[in-house]
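In what follows, every heavy atom counts, from backbone to side chain, and hydrogens, waters and symmetry copies are set aside. Just so you know, these numbers come straight off a predicted model, no measurement behind them.
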Amino acid sequence: MSGHSKWATIKHKKGAADKARGKLWAKLVRNIEVAAREGGGDKDANATLRAMIAKAKAGQVPADKIENAIKRGTGELKADKVMEEIMYEGYAAAGVAVLVQVATDNRNRSGGDVRSTFSKNGGNIAEPGAVAWQFARKGVIIVTKKQGAKTVTEDDLMMSALDAGAEDILDGGDAFELRCGASSIGAVCSALGDAGIAFESADRPMVPNATIDLSEADARKVLKLIDALEDLDDVEEVFANFDVSDEVMAAIAG
């Protein structure tokens with residue numbers, strides 16, 4: 001797994017303790033609203049919406065909040081604010097490329113917050129297109145190995161997920177990371193469900209085409225910037241093209 005995937009897995013485990021549930025839910029609900037507005041409210045026809053709903057359910061967002069977010073996105077319910085999705089690009093320490101996905105009703109506020117956060121944490125904002133070419137949109141599903149009395153194996157995942165569109169299965173220690181085309185994530189999640197395999201999260205991140213190996217000192221700088229960006233209310237996701245050793249990640253996580 002890439003360094004950012006390792007960090008994402010760690011954050012997933014500690015996220016409930018580190019962030020107020022209300023703030024997390026607000027971001028997940030915004031994701032659903034944007035997905036419904038851009039691709040329609042039919043989750044069978046809108047792969048992005050299916051992925052965002054799965055992510056919200058994994059975050060324990062109540063079903064009524066999910067349904068209302070879809071209705072606001074499609075216009076069935078009047079939205080208090082009109083949200084738009086923006087991708088900002090920049091660089092962190094050691095030349096690490098960073099993408100910042102934002103959902104906002106005020107792009108001037110969000111842009112100022114993102115630029116200020118880059119500047120205060122040793123990074124710098126980049127022109128549109130300077131960073132995005134180094135990433136590709138992928139479906140990423142995290143499946144923990146230990147599920148009750150059952151242990152999920154790589155063979156289990158191959159039998160259930162590959163025919164549904166999974167392209168790669170990465171072993172991350174206590175969890176597997178499945179990767180697929182962004183449009184296949186709904187089918188893969190459904191196939192896992194049919195096989196009785198639960199998934200911890202399902203998302204459509206921007207996955208780097210190549211990564212930069214970081215020392216512990218540089219990794220701490222990069223992760224400090226990422227954490228600061230993710231703390232911004234309008235920020236949905238942050239992606240970066242770095243990798244670190246298990247030893248460095250353990251030292252940082254400790």
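- When all heavy atoms of Ala161 and Leu178 are compared, the closest pair comes out as CB-CD2, 3.5 Å.
- Here Arg50 contributes atom CZ and Asp44 contributes atom CG; the two are 6.5 Å apart, rounded to the nearest 0.5 Å.
- Between atom CZ of residue Phe199 and atom CD1 of residue Ile142 there is a gap of 11.5 Å, rounded to the nearest 0.5 Å.
- A donor-acceptor contact shorter than 3.5 Å is absent between the side chain of Ser184 and the backbone of Ala187.
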**Message:** Walk me through whether Asp243 and Ile212 qualify under side-chain contact (heavy atoms from CB on, under 4.5 Å).
**Reply:** CA-CA 6 Å; Asp243 199 1; Ile212 298 172; over 6 Å; no
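- Counting heavy-atom neighbours within 6.0 Å of Lys55 NZ, excluding the residue itself, gives a total above 12.
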**Prompt:** Hey, mind stepping through Asp171 and Lys145 against salt bridge (Lys or Arg N to Asp or Glu O under 4.0 Å) and telling me if it holds?
**Reply:** CA-CA 10 Å; Asp171 192 332; Lys145 293 181 180 179; 2.8 Å; yes
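- Side chain of Gln147 to backbone of Thr144: a donor-acceptor contact under 3.5 angstrom is found.
- Between Ile252 and Leu223 there is a side-chain heavy-atom pair separated by less than 4.5 Å.
- Contact check on Glu216 versus Arg220 returns a salt bridge, with a Lys/Arg side-chain nitrogen under 4.0 Å from an Asp/Glu carboxylate oxygen.
- Interatomic distance, Met159 CE to Ile197 CD1, rounded to the nearest 0.5 Å: 9.0 Å.
- Closest approach of Ala195 to Ser160, counting heavy atoms only: CB-CB, 3.6 Å.
- We find that Glu236 and Arg30 are not joined by a salt bridge, their nearest charged nitrogen and carboxylate oxygen being 4.0 Å or further apart.
- Proximity of Leu157 to Leu162: side-chain heavy atoms (C-beta onward) are nowhere separated by under 4.5 Å.
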**Candidate pair Val248 and Leu214, rule side-chain contact (heavy atoms from CB on, under 4.5 Å), full reasoning** = CA-CA 9 Å; Val248 168; Leu214 296 181; over 6 Å; no
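- In summary, the side chains of Arg37 and Thr74 do not present any donor paired with an acceptor at a separation below 3.5 Å, with no hydrogens or angles considered.
- Between Val100 and Val98, the shortest heavy-atom contact is CG2-CG1, 4.1 Å.
- You'll find the side chain of Met206 stays beyond 4.5 Å of the side chain of Glu237, heavy atoms only.
- A donor-acceptor distance shorter than 3.5 angstrom exists from the side chain of Glu89 to the backbone of Ala130, with no hydrogens or angles considered.
- With sequence neighbours left out, Gln134 forms a side-chain hydrogen bond (donor to acceptor under 3.5 Å, both in side chains) with Asn241.
- With hydrogens and angles disregarded, no donor-acceptor distance shorter than 3.5 Å links the side chain of Lys71 to the backbone of Gly41.
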May I have the list of side-chain donor-acceptor pairs in residues 117-126 shorter than 3.5 Å, sequence neighbours left out?
unit_1, atom_1, unit_2, atom_2, d
Thr117, OG1, Asp113, O, 2.8
Asn121, ND2, Thr117, O, 2.9

**Trace of the side-chain contact (heavy atoms from CB on, under 4.5 Å) decision for Glu33 with Met52** = CA-CA 9 Å; Glu33 189 174 331; Met52 294 303 101; over 6 Å; no
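- The pair Arg109-Asp234 counts as a salt bridge, with a side-chain nitrogen and a carboxylate oxygen less than 4.0 angstrom apart.
- In plain terms, the two heavy atoms of Gly90 and Val131 that are nearest each other are O-CG2, 3.4 Å.
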**Prompt:** Yes or no on side-chain contact (heavy atoms from CB on, under 4.5 Å) for Arg204 and Ile185, after CA distance, side-chain angles and deciding distance?
**Reply:** CA-CA 8 Å; Arg204 297 171 65 254; Ile185 190 168; 4.2 Å; yes
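- No side-chain heavy atom of Glu177 sits less than 4.5 Å from a side-chain heavy atom of Ile141.
- How far CD1 of Ile32 is from NZ of Lys43: 11.0 Å, rounded to the nearest 0.5 Å.
- Here the OG atom belonging to Ser110 is positioned 6.0 Å from the CD1 atom belonging to Ile86, to the nearest 0.5 angstrom.
- What you find for Phe135 and Ala97 is that their closest heavy atoms are CZ-O, 3.7 Å.
- Side-chain contact between Val238 and Gln101: absent, with no pair of heavy atoms (C-beta onward) separated by less than 4.5 Å.
- With values rounded to the nearest 0.5 angstrom, Asn46 atom CG is found 11.5 Å from Ser183 atom OG.
- With salt bridges taken as basic N to acidic carboxylate O contacts below 4.0 Å, none links Glu67 and Lys65.
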**Request:** Run the numbers on Glu167 and Lys138 for salt bridge (Lys or Arg N to Asp or Glu O under 4.0 Å), then give the verdict.
**Result:** CA-CA 10 Å; Glu167 299 172 351; Lys138 290 285 185 180; 3.0 Å; yes
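- Nearest heavy-atom pair across Tyr88 and Arg107 is OH-O, 3.5 Å.
- More than 12 heavy atoms of other residues, nucleotides or ligands shown are found within 6.0 angstrom of CG on Asp213.
- The closest side-chain heavy-atom distance from Val222 to Phe242 is below 4.5 Å.
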